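What you see is a predicted model, and the numbers here were worked out from it, not measured in a lab. Chain A is the first sequence line, chain B the second, and so forth, proteins listed ahead of strands; every chain is numbered from 1.
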Amino acid sequence: MTFTLATWNINSVRLREGLVERLMREEAPDVLCLQECKSPVEKIPLERFRALGYDWMVARGQKGYNGVAILSKLPLVEAGAGDYAGLGHARHVAGRLENGVTIHNFYVPAGGDIPDRDENEKFGQKLDFLTHMRDDFLANRPEKAILVGDLNIAPREDDVWSHKALLKIVSHTPIEVEHLAQTRDAGNWVDVTRQDIPEGQLYSWWSYRARDWDAADKGRRLDHVWATPDISNAAHGSRILRAARSWEQPSDHVPVFATFDL
DNA sequence: ATGGTAGAGCATCTA
């Protein structure tokens with residue numbers, strides 16, 4: 001079977017219900033992983049998604065903040081959810097397809113503005129969240145698994161508009177990049193997007209604060225698709241839907257896609 | 001170095 005998966009930080013699933021529908025109609029990924037739903041699970045507007053063939057959902061939510069959901073046209077059952085770093089936030093949910101593939105959907109904490117855990121508690125929480133992920137993958141090596149989400153780190157020099165300018169900016173500091181590398185290596189995860197598109201600048205997020213985000217193009221690749229080595233060679237066709245950043249009342253993130261032949 | 005925008009929900013907090 002072949003299926004296409006997308007990951008998208010939607011920044012309020014209720015405000016942007018119409019944009020989710022547009023993606024479902026125009027791109028029709030089989031599996032759509034959302035982050036920052038900012039909604040309790042019971043208030044996610046499921047009926048309109050069901051009408052478009054997305055009959056399955058696993059999700060975690062809370063009022064106003066965070067929230068992750070996996071919407072699927074393929075049968076999907078819940079495969080757990082973790083409370084990483086003990087924050088009590090809705091930042092992870094996992095589902096399993098009938099072919100046995102597990103899909104992890106993560107929303108890693110943004111980490112605040114100051115890249116120092118002594119001055120900024122949120123930065124420490126971000127690092128601890130990643131360390132907890134790493135330890136989980138070391139204790140229980142994932143197989144036949146896909147990990148997606150807003151990881152809030154742009155690891156490579158060509159994942160940001162200026163490596164030099166962002167070295168001290170949260171999302172691209174060396175300590176965050178090192179934590180993310182350890183997390184990835186602990187699960188033997190393969191960066192599917194970069195497997196497919198190894199060269200060149202690649203961004204999935206542009207700040208709302210720019211006068212002209214498109215012209216300035218000061219983006220970062222914060223949203224990722226990873227897979228375990230037993231299925232990573234089945235992945236292809238990665239792409240980033242930059243055009244969605246120009247949709248009406250957009251999210252500051254755009255969808256990232258990958259297709260798997262399994 | 002600074003300030004810039006957006007969402008939730010109604011005062012700020014978070015990104």
Side-chain angles (χ1 to χ4, degrees), chain A residues 7-23 33-45 59-69 83-92 105-117 119-130 148-155 159-173 175-177 179-180 203-224 242 244-256:
Chain A
T7 178
W8 193 12
N9 177 320
I10 192 62
N11 189 15
S12 174
V13 70
R14 288 149 75 189
L15 185 71
R16 282 185 247 286
E17 178 180 355
L19 294 193
V20 174
E21 279 194 60
R22 179 170 175 183
L23 189 82
C33 298
L34 300 174
Q35 303 88 35
E36 265 204 286
C37 297
K38 292 185 172 177
S39 171
V41 172
E42 63 273 16
K43 292 194 175 180
I44 294 174
R60 285 293 184 277
Q62 60 186 93
K63 189 176 159 187
Y65 301 98
N66 311 313
V68 285
D83 179 15
Y84 292 81
L87 299 172
H89 295 173
R91 293 181 180 274
H92 172 248
N105 183 14
F106 277 98
Y107 175 46
V108 171
D113 288 332
I114 304 168
D116 180 334
R117 70 187 309 150
E119 290 183 49
N120 169 20
E121 182 185 39
K122 288 192 178 61
F123 192 73
Q125 290 171 350
K126 181 179 196 175
L127 299 179
D128 292 346
F129 192 102
L130 291 159
V148 306
D150 177 3
L151 305 185
N152 263 315
I153 296 173
D159 290 337
V160 294
W161 64 275
S162 167
H163 170 62
K164 188 160 180 272
L166 292 181
L167 272 172
K168 294 180 179 176
I169 302 297
V170 173
S171 73
H172 192 62
T173 64
I175 191 169
E176 290 171 88
V177 172
H179 274 66
L180 189 68
Y203 313 139
S204 64
W205 173 90
W206 295 262
S207 172
Y208 282 127
R209 299 177 190 178
R211 285 188 187 85
D212 185 341
W213 72 271
D214 195 24
D217 201 20
K218 293 184 173 181
R220 307 177 200 170
R221 187 171 71 104
L222 304 179
D223 303 276
H224 298 267
R242 181 184 175 109
R245 187 62 177 77
S246 295
W247 289 359
E248 191 178 340
Q249 204 174 16
S251 169
D252 46 355
H253 296 251
V254 299
V256 180

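- The P atoms of B:dT2 and B:dA6 are separated by 23 Å, rounded to the nearest whole Å.
- Using atom C1' as the reference point in both B:dG3 and B:dA15, the two lie 15 Å apart (nearest Å).
- Taking the P atom of each, B:dT5 and B:dC10 are spaced 24 Å apart, rounded to whole Å.
- The shortest distance between the side-chain N/O atoms of A:Gln62 and the OP1/OP2 oxygens of B:dA8 is not below 4.0 Å.
- Checked against A:Trp8 for a side-chain contact (heavy atoms from CB on, under 4.5 Å), the options A:Leu19, A:Asp150, A:Val13 give a single hit: A:Leu19.
- Put simply, A:Lys122 has a side-chain N or O that comes within less than 4.0 Å of OP1 or OP2 on B:dT14.
- Here the straight-line distance linking atom CD of A:Gln62 with atom NZ of A:Lys38 works out to 11.0 Å at 0.5 Å rounding.
- Distance A:Lys38 NZ to B:dA6 P: 12 Å, rounded to the nearest Å.
- As rounded to the nearest Å, B:dG9 and B:dC13 have C1' atoms that lie 11 Å from one another.
- For B:dA6, the base has no donor-acceptor partner in the side chain of A:Arg16 [N/O atoms by modelled type, under 3.5 angstrom].
- Looking at heavy-atom distances under 4.0 Å, A:Arg245 makes no contact with the nucleic acid at all.
- In this structure, A:Arg91 satisfies the cation-pi test against A:Tyr107, with its NZ or CZ atom closer than 6.0 Å to the six-membered ring centre and inside 45 degrees of the ring normal.
- B:dA6 atom C1' lies 17 Å from atom CH2 of A:Trp206, rounded to whole Å.
- For the C1' atom pair drawn from B:dG7 and B:dA11, the interatomic distance equals 14 Å after rounding to whole Å.
- Atom CD1 in A:Ile114 sits roughly 14 Å away from atom P in B:dA15 (whole-Å rounding).
- The distance between atom CG of A:Leu15 and atom P of B:dG7, rounded to the nearest whole Å, is 5 Å.
- Judged purely by distance below 3.5 Å, without hydrogens or angles, the side chains of A:Thr7 and A:Gln35 pair a donor atom with an acceptor atom.
- As rounded to whole Å, 16 Å separates atom C1' of B:dA6 from atom CH2 of A:Trp213.
- Computed from coordinates, the A:Leu19 CG to B:dG7 P distance equals 10 Å when rounded to whole Å.
- At whole-Å resolution of the value, OH in A:Tyr107 and C1' in B:dG7 are 11 Å apart.
- We find that A:Asp214 and A:Arg242 are joined by a salt bridge, their nearest charged nitrogen and carboxylate oxygen being less than 4.0 Å apart.
- Between A:Arg91 and A:Lys63, the residue whose closest nucleotide on DNA chain B is further toward the 5' end is A:Lys63.
- Regarding A:Arg209, its CZ atom lies at a distance of 12 Å from the P atom of B:dG3, rounded to whole Å.
- Of the residues near DNA chain B, A:Asp252 and A:Val13, the one whose nearest nucleotide (by heavy atom distance) lies more toward the 5' end is A:Val13.
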